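See below for the structure under consideration.
Letters A, B, ... mirror the listed sequences (proteins, then strands); counts begin at 1. All values below were derived from every heavy atom in this structure, side-chain atoms included, with hydrogens, water molecules and symmetry-related copies excluded. Nothing here was measured: the structure is a model prediction, and the numbers come from that model.
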2 protein chains.
Amino acid sequence: MPVPLYQAKADFFRTLGHPARIRVLELLQEGPLPVRDLLAQIDIEASSLSQQLAILRRAGVVSAEREGSTVVYSLATPELADLLDAVRRILTEMLVDQGELLAELRAEAHG
Amino acid sequence: MPVPLYQAKADFFRTLGHPARIRVLELLQEGPLPVRDLLAQIDIEASSLSQQLAILRRAGVVSAEREGSTVVYSLATPELADLLDAVRRILTEMLVDQGELLAELRAEAHG
DNA sequence: AGCGCAGTTGCATAATTGTTCAAGTCGCAA
DNA sequence: TTGCGACTTGAACAATTATGCAACTGCGCT
């Protein structure tokens, strides 16, 4: 009996539900990067980054390849970019709505 | 100082990271529904569903409106459908990849 | 072989989330 | 105004997830 699809989706979203993991995916959108570069951009301890990378790996969202003494990560699929785009659109829309609400509240206070 | 965008994205994904919440969003894609109907489709206690709905409400993902003695929920934005589509595509691709891997493993075993 | 650098893993503890049940609110109808 | 159905809320306890530190692996250099 397969995992229900809604469960798989929830699991997937949960693996994206951490700021460091989001940053990793955003950085990898530009192309593969070694851990060292990720570490330079994300303010977090090396071991903690490793843990987050492991979570992304286990979920199949990124893949790692050893190159000499460094490890290079890349997105498992470019479709992830679409997803991040969709979220960006939703968040900006939500922020706009909040802005409008805020404007209304101000108008009310001054009216 | 505003919440960093990657933090907002992570929070957003986390609010989607629960099977019941995913089911709610999927059902609401078709249009607004009263709690009673959601409850009929999702196998979960009423109070638990309420908790999950509250989480979605607080995140601004759905909105609720009282109509007589029932409460009707709807998606805050239709853009959510795009997001769910993107996830579906990603998951199916990931499953296909796994299928291919499985096929390879079988070929190896019998070869 | 012995070192040091780049990452990773294990594990203990702290912090968040989820689940359940009891109690509470709101509208409606008797 | 009492009662009931439809939801929601609060709070306690269980389960997951996050964090930080120490130990460990793999590679390249000397």
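In this structure, B:Tyr73 reaches the D:dT8 phosphate: one of its side-chain N or O atoms is under 4.0 Å from OP1 or OP2. Here A:Arg14 reaches the OP1 or OP2 of D:dT17: one of its side-chain N or O atoms lies under 4.0 Å away. For A:Arg21, a side-chain nitrogen or oxygen approaches OP1 or OP2 of D:dA18 to under 4.0 Å. Taking side-chain N and O atoms only, B:His18 has a distance below 4.0 Å to OP1 or OP2 of C:dT19. OP1 or OP2 of C:dT9 has at least one side-chain nitrogen or oxygen of A:Arg57 nearer than 4.0 Å.
Distance A:Arg36 CZ to C:dG4 P: 20 Å, rounded to the nearest Å. Distance CG (A:Leu53) to P (D:dA18): 14 Å, rounded to an integer number of Å. Distance, A:Ile55 CD1 to D:dA18 P: 5 Å, rounded to whole Å. Straight-line distance from the CG atom of B:Asp43 to the C1' atom of C:dT19: 14 Å, rounded to whole Å. Taking atom CD1 of residue A:Ile44 and atom C1' of nucleotide C:dT8, one finds them 14 Å apart after rounding to whole Å. With rounding to whole Å, B:Gln52 atom CD is found 13 Å from D:dT8 atom C1'. In this structure, CG of B:Asp11 is placed 15 Å from C1' of D:dT17, rounded to the nearest angstrom. Separating the CD atom of B:Glu45 from the P atom of C:dG18 is a distance of 16 Å, rounded to the nearest angstrom.
Side chain to side chain, B:Asp11 and B:Gln7 meet the donor-acceptor criterion of an N or O pair below 3.5 Å.
Here B:Ile42 contributes atom CD1 and B:Leu53 contributes atom CG; the two are 7.5 Å apart, rounded to the nearest 0.5 Å.
Contact annotation: side chain of B:Ser47 to base of C:dC21, donor-acceptor pair present below 3.5 Å. One N or O donor and one acceptor, one from the side chain of B:Gln51 and one from the base of D:dG10, sit under 3.5 Å apart.
Using a 4.0 Å heavy-atom criterion, one finds that A:Ser48 contacts no nucleic acid atom at all. Among the protein residues, B:Ser50 comes within range of the nucleic acid bases, having at least one heavy atom under 4.0 Å from a base atom.
Counting heavy-atom neighbours within 6.0 Å of B:Glu65 CD, excluding the residue itself, gives a total of 12 or less.
The residue from A:Leu28, A:Leu33, A:Leu25, A:Leu27 that alone fulfils the side-chain contact (heavy atoms from CB on, under 4.5 Å) condition with A:Tyr73 is A:Leu28.
Side chains of B:Leu83 and B:Phe12 form a contact here, defined as non-hydrogen atoms less than 4.5 Å apart.
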